[in-house]
2 protein chains.
Amino acid sequence: MSFSNQAYKALIGDLTSLVEIPEHQLSLVISSFKPKKLTKKAYLLNKGEVSNHMRFVAEGCLRSYMLDNNGQEHILQFGISGWWVNDLYSYLTRKPATHFVQAIQPSTVLQIHRDTLEKLYNRVPSLERFFRIKFQNAYTALQERHLDKMSLTAKDRYENFRRKYRDIEQMVPQYMIASYLGITPEFLSAMRKKE
Amino acid sequence: MSFSNQAYKALIGDLTSLVEIPEHQLSLVISSFKPKKLTKKAYLLNKGEVSNHMRFVAEGCLRSYMLDNNGQEHILQFGISGWWVNDLYSYLTRKPATHFVQAIQPSTVLQIHRDTLEKLYNRVPSLERFFRIKFQNAYTALQERHLDKMSLTAKDRYENFRRKYRDIEQMVPQYMIASYLGITPEFLSAMRKKE
DNA sequence: GTACGATCTTAAGATACCTTAATTTTTTTT
DNA sequence: AAAAAAAATTAAGGTATCTTAAGATCGTAC
């Protein structure tokens, strides 16, 4: 496939927005990512499987979630175009995934195998930097979300969400937003009514 | 100061447990960290200051926390020997810190300035890898904590905390554990009574 | 060793959010 | 277009956790 197509353009954009990569290294990196199409509701990763790829969302929308002891879903992350989605714990430890990753809309992801990536790190040092910065950013974003859960009411979190992720709000059912916010769909519905 | 002392040994141990660093590079890295002693209750970082260092706890115990709109404290992280503590958001963006970092016990930290570290990354590639792995691990740990907050009762979280951080429990007052768990000290006290 | 500040406890009343279950609305499938 | 499935709403009753405020301990400084 051609690397000039839309899916790869998003990936190239993401890479080059954070680090400088010489042209020949960039095409080496890009060509190591393989596209995967997902129908709506298809699973990219099931609980129990080992996650062996880093995954970039080129198109569509996915979610990662876990089931708690009561069988309730908890959404960890949505992923739309330009985001990375995974069960990082599984990817890093090679242990069975504790989360699911599922397409909410028909989606395309670009994925690279762990072995390929580890080798690439040695040939393309910027790539190591890229992921370091990515993880740093992911960490601070998650920290902020955690603090929001600690200090804000459900209403405030919902308003923040709508302001911050207007694009995601369009693509996912309301009960998943409730799950992401850590409340029940019924309570979210009641909150919306009061507005 | 000598790098064979206890404080530096912990840092060397942390570095070499994750990446291989040639001897001469290692001493270059180590010598870039400067020790800083803190009395009990001293602030390593105040809200509003820019965090310019990465900080490794060699000895003692610290906490990072933020104040919400109601003036309530929320503890993000405890740091005992072997942990890294910071307001990462401030360090990465060079914007004023939104959190405080304070010593709970008399403590020693080893810190490296951002400029020094950025330069070192180019001479010691393993260091880039070290922090990538550190952030990956920090991210998954924080994710787990977030999910615990979403899916477990305060009682379960408290029991998990005691099992996981017996050493921290000894060093910090109970009301800070409550803050870390996201509950009030009164409620923690009531929970303990029921046991 | 006394005294003061910091921490912990107790208890009563309040509230944000949950549970259940039934109904309506929207979306998808045939 | 009808039928089926998925998602959203409504409402009543329940509970985990908070708020306030007072009193009891503990720790540390003088």
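These numbers come from the heavy atoms of this one structure, side chains and all, not from hydrogens, waters or symmetry mates. Numbered from 1 within each chain, the chains take letters A, B, ... in sequence-line order.
- Across the protein-nucleic acid pair, B:Glu186 atom CD and C:dA12 atom C1' stand 13 Å apart, rounded to whole Å.
- Here the side chain of B:Arg145 pairs a donor or acceptor atom with the backbone of B:Leu76 at under 3.5 angstrom.
- Note on B:Phe187: a base of the nucleic acid sits closer than 4.0 angstrom, heavy atoms only.
- We find that CD of B:Gln72 is positioned 13 Å from C1' of D:dT20, with the value rounded to whole Å.
- The side-chain heavy atoms of A:Arg63 and A:Val85, taken from C-beta on, include no pair separated by under 4.5 Å.
- Per the geometry, CZ belonging to A:Arg63 stands 13 Å off C1' belonging to D:dA7, to the nearest Å.
- Among D:dT17, D:dA11, C:dA6, the nucleotide with an atom closest to any side-chain atom of B:Lys41 is C:dA6.
- In this entry the distance linking CE of B:Met176 with C1' of C:dC8 reads 14 Å, nearest Å.
- The shortest distance between the side-chain N/O atoms of B:Ser189 and the OP1/OP2 oxygens of C:dC8 is not below 4.0 Å.
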Could you list all N or O pairs between the protein and nucleotides 23-30 of chain C that sit under 3.5 Å apart?
from   : atom 1 : to      : atom 2 : distance (Å)
C:dT28 : OP1    : A:Lys40 : NZ     : 2.8

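- Stacking of B:Arg114 on the aromatic ring of B:Tyr91 is recorded, both the 6.0 Å distance cut-off and the 45° axial limit being met.
- Only A:Thr153, A:Ala154, A:Arg157, listed by number, bring a heavy atom of residues 146-158 of chain A to less than 4.0 angstrom from any atom of DNA chain C.
- If you find the closest nucleotide of DNA chain D to B:Ile183 and to A:Arg192, the one lying nearer the 5' end belongs to A:Arg192.
- The nearest heavy atom of DNA chain C to B:Lys193 and to A:Asn70 marks one nucleotide each, and the one closer to the 5' end goes with B:Lys193.
- Between B:His113 and B:His53, the angle of the ring planes goes over 60°, which puts this pair in the perpendicular group of the 30/60° scheme.
- A salt bridge links B:Lys134 with B:Asp14: the closest approach of a Lys/Arg side-chain nitrogen to an acidic carboxylate oxygen falls below 4.0 angstrom.
- One interatomic measurement links the two molecules: CG of A:Leu188 to P of D:dA7, which rounds to 14 Å at whole-angstrom precision.
- Rounding to whole angstrom units, NE2 of residue B:His74 and C1' of D:dT17 are separated by 14 Å.
- Taking atom CD on A:Gln170 and atom P on D:dA7, their separation rounds to 17 Å, with Å as the unit.
- Contact detail for B:Pro96 and B:Ser90: the closest heavy-atom pair is C-OG, 4.0 Å.
- Across all strands shown, C:dT20 pairs with D:dA11; the Watson-Crick or G-U wobble distances both stay below 3.5 Å.
- If you take CG on B:Leu127 and CD1 on B:Ile21, they are separated by 6.0 Å, rounding to the nearest 0.5 Å.
- Note that OG of B:Ser151 and CD of A:Gln72 are 9.5 Å apart. Values are rounded to the nearest 0.5 Å.
- The distance from atom CD1 of A:Ile30 to atom CG of A:Leu15, rounded to the nearest 0.5 Å, is 5.0 Å.
- In this structure, B:Gln174 places its CD atom 18 Å from P of C:dA6, rounding to the nearest Å.
- In this pair, A:Phe78 and A:Tyr180 present their aromatic rings parallel. The plane angle is below 30°, not in the 30 to 60° band.
- Taking the side chain of A:Tyr175 as heavy atoms from C-beta on, and the options D:dA7, D:dC18, C:dT19, the nearest nucleotide is D:dA7.
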